Amino acid sequence: MSEPVIGVVGGSGLYEMEGLKDVCEERVETPFGEPSDLLVTGRLGDARLVFLPRHGRGHRLLPSEVNYRANIYALKKLGVEQVISVSAVGSMKEEIVPGHIVIPDQFFDRTAGRRDSTFFGEGVVGHVQFADPVCLRLAGLLATAARQVGAVVHEGGTYICMEGPQFSTRAESRIYRSWGVDIIGMTNVSEAKLAREAELCYATIALATDYDCWHEGHDDVSVEAVVALIKKNVALAKRIIAAAVELLTTQRSCGCGSALAYAIMTDRKLIPPVTREKLDLIIGKYL
Ligand SMILES: CSC[C@H]1O[C@H](OP(=O)(O)O)[C@H](O)[C@@H]1O
Ligand SMILES: Nc1ncnc2[nH]cnc12
């Protein structure tokens, strides 16, 4: 493959990407059901880009309703190897001011088990390494790209992923702060787990939109405030993506492309044929 194929998962407020050439919309079928929307493919500079709005156009899906498996599968099916996630997050630190960009390098999973966050099961067991849950190579490039376009960037940080859809109570927010997390959101951890299992690089451009509800000097988070902040900054997020795409190549010097090499536990002879078929795109090369 001579050109990098880059997936962009647009979060709250990012439902389309302008500036693509040769745009095409595709309905992608997956063994895990429907992705959040049609996938939009096109060219940006020297790269092929595949865009998918996480909550669907018009923001129709709750964080726990997003079919993360179908989304990641669909991106892989279209040849994507590197996924840039864009997300709105609450800031859990004074110095992360709304409007700043964070490139998290850790996740803390506080979802309530209502999301399908693995491709394994149905007769095949796999355990991927997840100590470093984002692709640090891709994350570094995103930080560089964000600085290039003039964003205030916090490189590294822990994203705590709550179930939602309600925002946190003040007690929860204070406790999360005491745990030392940097930002809070409702979506990224399942995506990152599945991207690792699908051997895709994954990193996030997180836009701080609010101080959640712990900061005495600021209003508690509300959709109104989040949307207002996103509107002001969505162009910045798009400039970061465009700058990042210029920095990305097909060469992946990270280990993401072989994340499953030692992960599959199950005796190959015992993997049911239907499961082999269903997971062929993900695990076929190891069977
Ligand atoms: C609109 S505020 C809450 C909403 O925004 C974030 O979504 P995303 O990560 O897709 O940008 C957060 O996780 C919640 O889903
Ligand atoms: N404070 C917050 N909590 C959870 N998700 C968010 N997305 C944006 N702000 C958030």
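The structure presented is a predicted model; accordingly, all values stated were derived computationally and were not measured.
Classification of the His59-His55 ring pair by plane angle, with boundaries at 30° and 60°, yields parallel. Ring pair Trp179/Phe108 is tilted by interplanar angle, where 30° to 60° counts as tilted.
Side chain to side chain, Arg137 and Gln82 meet the donor-acceptor criterion of an N or O pair below 3.5 Å. Side-chain contact, Ser258 with Glu199: no donor N or O sits under 3.5 Å from an acceptor N or O.
Closest heavy-atom contact between Gly90 and Asp210: CA-OD1, 3.3 Å. Between Val5 and Leu78 the shortest heavy-atom distance is CG1-O, 4.0 Å. Of all non-hydrogen atoms in Ser168 and Tyr176, the two that sit nearest each other are OG-CE1, 3.8 Å. Nearest approach of Ile282 to Ala198, heavy atoms of both residues: CD1-CB, 4.1 Å. The two atoms that bring Pro53 and Leu38 nearest to each other are CD-O, 4.3 Å, heavy atoms only. The heavy-atom pair separating Pro4 from Asp46 by the smallest distance is CD-O, 3.8 Å.
No donor-acceptor distance shorter than 3.5 angstrom exists from the side chain of Thr209 to the backbone of Val226, with no hydrogens or angles considered. Here the side chain of Asp105 pairs a donor or acceptor atom with the backbone of Gly157 at under 3.5 angstrom. Using modelled atom types, no side-chain atom of Arg54 and backbone atom of Leu61 make a donor-acceptor pair closer than 3.5 Å. A donor-acceptor pair under 3.5 Å is absent between the side-chain atoms of Tyr15 and the main chain of Gly56, judged by distance alone. A donor-acceptor contact shorter than 3.5 Å links the side chain of Arg268 to the backbone of Thr266. Of the possible polar contacts, none joining the Arg48 side chain to the Gly42 backbone as a donor-acceptor pair under 3.5 Å is found. At distances below 3.5 Å, not a single donor-acceptor pair connects side-chain atoms of Glu277 with backbone N or O atoms of Pro272. The backbone N or O of Asn188 sits nowhere less than 3.5 Å from a side-chain atom of Glu191 that would complete a donor-acceptor pair. Between the side chain of Glu197 and the main chain of Leu194, no donor-acceptor pair closer than 3.5 Å is present. The backbone N or O of Thr169 lies less than 3.5 Å from no partner atom in the side chain of Ser173, so there is not a single donor-acceptor pair.
With respect to Arg147 and Glu155, a salt bridge is recorded, a charged nitrogen being found less than 4.0 Å from a carboxylate O. The existence of a salt bridge linking Glu163 and Arg110 is excluded, since no basic side-chain nitrogen approaches an acidic carboxylate oxygen closer than 4.0 Å. A salt bridge between Arg170 and Asp220 is present, with a side-chain N of the basic residue lying under 4.0 Å from a carboxylate O of the acidic one.
With contacts defined as side-chain heavy-atom distances shorter than 4.5 Å, the pair Val97/Val152 does not qualify. For the pair His215/Glu94, a side-chain contact is recorded, criterion being any heavy-atom separation below 4.5 Å from C-beta on. A heavy-atom distance below 4.5 Å is not found between the side chains of Thr30 and Lys77. At a threshold of 4.5 Å between non-hydrogen side-chain atoms, the residues Pro104 and Thr158 do not count as touching. Looking at heavy atoms from C-beta onward, Lys76 lies out of side-chain contact with Val80 at the 4.5 angstrom threshold. Put simply, the side chain of Phe120 does not reach to within 4.5 Å of the side chain of Val125, judged on heavy atoms.
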Check the pair Thr250 / Glu3 against side-chain hydrogen bond (donor to acceptor under 3.5 Å, both in side chains), numbers first and verdict last. CA-CA 6 Å; Thr250 43; Glu3 53 183 9; over 6 Å; no
Starting from the C-alpha separation in whole Å, work towards a yes-or-no answer on ring-ring contact (aromatic ring centres under 6.0 Å, His included) for Phe119 and Phe32. CA-CA 9 Å; Phe119 289 111; Phe32 299 96; 5.3 Å; yes
Worked verdict on Glu95 versus His100 for side-chain hydrogen bond (donor to acceptor under 3.5 Å, both in side chains): CA-CA 9 Å; Glu95 64 273 22; His100 287 186; over 6 Å; no
Walk me through whether Arg57 and Glu16 qualify under salt bridge (Lys or Arg N to Asp or Glu O under 4.0 Å). CA-CA 8 Å; Arg57 272 173 270 193; Glu16 57 189 1; over 6 Å; no
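At a threshold of 4.5 Å between side-chain heavy atoms, the hydrophobic network of Ile, Leu, Val, Met, Phe, Trp and Tyr places Leu207 and Phe51 in one connected group. Both Val50 and Val9 are members of a single hydrophobic cluster when ILVMFWY side chains are connected at heavy-atom separations under 4.5 Å. A single hydrophobic cluster is seen to contain both Ile6 and Leu138, as judged by linkage of ILVMFWY side chains at heavy-atom distances under 4.5 Å, directly or through other members. Criterion: ILVMFWY side-chain heavy atoms under 4.5 Å apart, direct or through other members. Under it, Val134 and Val189 are part of a common hydrophobic cluster.
Within 6.0 Å of OH in Tyr262 there are 12 or fewer heavy atoms belonging to other residues, nucleotides or ligands. Annotation: Lys232, atom NZ; neighbour count of heavy atoms from other residues, nucleotides and ligands within 6.0 Å does not exceed 12. Annotation for Glu122: atom CD does not count as buried by contact number, only 12 or fewer foreign heavy atoms lying within 6.0 Å. The neighbour count for Arg27 CZ, taken as heavy atoms of other residues, nucleotides or ligands under 6.0 Å away, does not exceed 12.
Judged by the 6.0 Å distance and 45° axis criteria, Arg177 is positioned over the aromatic ring of Trp214.
Atom OG of residue Ser85 and atom CG of residue Asn71 lie 11.5 Å apart, to the nearest 0.5 angstrom.
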